[in-house]
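Values reported hereafter were calculated over all heavy atoms of this structure, with side chains retained and with hydrogens, waters and symmetry mates removed. Proteins come first, then strands; the chains are lettered A, B, ... in the order of their sequence lines, and each starts at number 1.
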Protein chains: 2
Amino acid sequence: MKIGELSRATGTNIETIRYYERIGLLPAPHRTAANYRSYCEPHRARLTFVRHSRDLGFTIDEIRSLLDLSDDPGRDCSEADRIASRHLEQVEDKIAQLTRLRDELTRIVGRCRGGVAADCRVIEALGDHRHCKSAH
Amino acid sequence: MKIGELSRATGTNIETIRYYERIGLLPAPHRTAANYRSYCEPHRARLTFVRHSRDLGFTIDEIRSLLDLSDDPGRDCSEADRIASRHLEQVEDKIAQLTRLRDELTRIVGRCRGGVAADCRVIEALGDHRHCKSAH
DNA sequence: GCTTGACCCCGTAGTTGCTACAGGGTGCAT
DNA sequence: ATGCACCCTGTAGCAACTACGGGGTCAAGC
């Protein structure tokens, strides 16, 4: 499988595949006589793992740890669970933060009645945190 | 007011203040004989506006437009409203996306029963998108 | 008068996770 | 032989900072 095929098979940009190889997230594949990268099934599976983890918001470093774990089937699984749980917490924190932010924005946007900038409630609200109901 | 005081007054990193000046988001202040930056109240207000907007998730470019508007009090306010409304939409989209992601992660994390990596449901789930209930 | 420490200056490079070139080589069909 | 799709490398760009190296300034204390 050449890089273009792997790209289509996994929905990953070619540049991104090469980038993952460069940073050591994917192993360097064999090369053809013309120096083209030649991939096979385990490469595809690993890249799928990486992409899926990225889609779920894991950082490259977290994925590195998760890959290390899956490369070493005898190791204790609890670290994977710990990484995923911590990530879940971060996602929940982010949702909470964005929700506060949304409420604040909704309040601000709702106040605009048109008119000129001098009287604009949106601009006024941005300039003065005291208009806010909650921390953000 | 020297840069350190402005930093404390607005909760902004000194490096960030200089960065904002460099990219033209804040005007260059006067300098003392020793070439120190010397700020006054309008600078503080502007930086407060910028920080508050950043806290609400506006991009630097959006803030640039909002500042232009507030610098020109005769202009129509509707652009500020448009920028804020579009941003609100983006925040809502992001919340929806993170919520889907959280549900998927919750499902994955919940499946770990301990044991070794070879049997780990977390690692299995990351390797195969077909385990997922919804798009993400 | 000299040191100490807090503060300030500038310019550049690093961060994350890619993405986009520029400038070249390969392989196959027409 | 000419066109085209595909591949290669290396480097630079993105957002919004943050950190660092190597220096200057200033007031207080000995």
Side-chain angles (χ1 to χ4, degrees), chain A residues 1-26 28-40 43 46-67 83 87 90-91 94 97 101 136, chain B residues 1-26 28-40 43 46-47 49-67 83 86-87 90-91 94 97 101 136:
Chain A
M1 194 173 9
K2 283 191 286 183
I3 199 168
E5 295 168 74
L6 181 63
S7 166
R8 283 186 295 276
T10 60
T12 312
N13 201 320
I14 288 180
E15 321 269 24
T16 305
I17 297 175
R18 286 200 280 250
Y19 166 72
Y20 287 161
E21 181 184 327
R22 202 163 56 244
I23 64 171
L25 205 56
L26 297 181
H30 286 116
R31 298 290 184 123
T32 68
N35 200 30
Y36 288 7
R37 288 173 179 81
S38 180
Y39 297 97
C40 48
H43 289 108
R46 196 177 181 89
L47 180 52
T48 300
F49 184 104
V50 170
R51 286 313 307 173
H52 193 195
S53 303
R54 285 292 301 132
D55 286 348
L56 288 167
F58 287 95
T59 66
I60 299 279
D61 265 2
E62 285 167 340
I63 296 171
R64 233 184 262 278
S65 304
L66 290 167
L67 282 171
I83 292 170
H87 180 54
Q90 285 166 7
V91 170
K94 189 78 191 168
Q97 190 211 330
L101 216 135
H136 52 87
Chain B
M1 196 176 1
K2 283 190 286 183
I3 198 168
E5 294 168 75
L6 181 63
S7 165
R8 282 186 295 275
T10 60
T12 312
N13 202 320
I14 288 179
E15 321 269 24
T16 305
I17 298 175
R18 285 199 282 247
Y19 167 71
Y20 286 161
E21 181 184 326
R22 202 162 57 245
I23 64 172
L25 203 57
L26 297 182
H30 286 117
R31 299 291 184 121
T32 67
N35 201 30
Y36 287 7
R37 287 172 180 81
S38 180
Y39 297 97
C40 48
H43 289 108
R46 196 177 182 90
L47 180 52
F49 184 103
V50 169
R51 286 313 307 172
H52 193 195
S53 304
R54 286 291 303 131
D55 285 347
L56 287 168
F58 288 95
T59 65
I60 299 279
D61 265 3
E62 286 167 340
I63 296 170
R64 234 184 264 277
S65 304
L66 291 167
L67 282 171
I83 292 171
R86 195 186 51 204
H87 180 56
Q90 285 166 6
V91 169
K94 189 77 192 171
Q97 188 210 331
L101 215 134
H136 53 87

> Would you find a donor on one side and an acceptor on the other, under 3.5 Å apart, between the side chain of B:Arg46 and the backbone of B:Val50?
Replying inline: no
>> Is it the case that the side chain of A:Thr16 and the backbone of A:Thr12 share a donor-acceptor pair, with hydrogens and angles ignored and the cut-off at 3.5 Å?
In response: no
>> Distance check needed: D:dC8 C1' versus A:Glu21 CD, whole Å only.
In response: 11 Å
>> Please determine whether a side-chain nitrogen or oxygen atom of B:Thr16 lies at a distance below 4.0 Å from atom OP1 or OP2 of D:dT18.
In response: yes
> Under 3.5 Å, side chain of A:Ser7 to main-chain N/O of A:Ile3, donor-acceptor pair present?
Replying inline: no
> D:dC8 C1' sits how many Å from A:Ile3 CD1, rounded?
Replying inline: 10 Å
> In whole angstrom, what separates A:Tyr19's OH from D:dC14's C1'?
Replying inline: 13 Å
>> What is the separation between atom CZ on A:Arg37 and atom C1' on C:dG25, rounded to the nearest whole Å?
In response: 14 Å
> Is any side-chain N or O of B:Arg54 closer than 4.0 Å to OP1 or OP2 of D:dC17?
Replying inline: yes
>> Out of the candidates B:His43, B:Arg18, B:His30, only one should pair with B:Arg37 under the side chain to side chain contact (heavy atoms under 4.5 Å, CB included) rule; please name it.
In response: B:Arg18
>> Using a 3.5 Å distance criterion without hydrogens, assess whether the side chain of A:Arg54 forms a donor-acceptor pair with backbone atoms of A:Phe58.
In response: yes
> In whole angstroms, how far is the P atom of C:dT19 from the OH atom of A:Tyr20?
Replying inline: 8 Å
> With respect to the phosphate group of C:dT26, does any side-chain polar atom (N or O) of A:Arg31 fall under 4.0 Å of OP1 or OP2?
Replying inline: no
> How is A:Thr59 classified with respect to the nucleic acid when contacts are heavy atoms under 4.0 Å: base, sugar-phosphate, or nothing?
Replying inline: sugar-phosphate
>> I want to confirm an ordering. Mapping B:Arg18 and A:Arg22 to their closest nucleotides on DNA chain D, which one lands closer to the 5' end?
In response: A:Arg22
> For the side chain of A:Tyr36 and the base of C:dG25, is some donor closer than 3.5 Å to an acceptor across the two?
Replying inline: yes
>> Looking only at the side chain of A:Lys2 (C-beta and beyond, no hydrogens), which of the listed nucleotides D:dC7, D:dT25, C:dT12 gets closest?
In response: D:dC7
>> Just N and O in the side chain of A:Arg51: are any of them under 4.0 Å from OP1 or OP2 of C:dC18?
In response: yes
> Roughly, in whole Å, what's the span from CD in B:Glu15 to C1' in C:dA13?
Replying inline: 12 Å
> To the nearest Å, how far apart are A:Ile14 CD1 and D:dA5 P?
Replying inline: 13 Å
>> In whole Å, I'd like the distance from the CG atom of B:Asn13 to the P atom of C:dG14.
In response: 19 Å
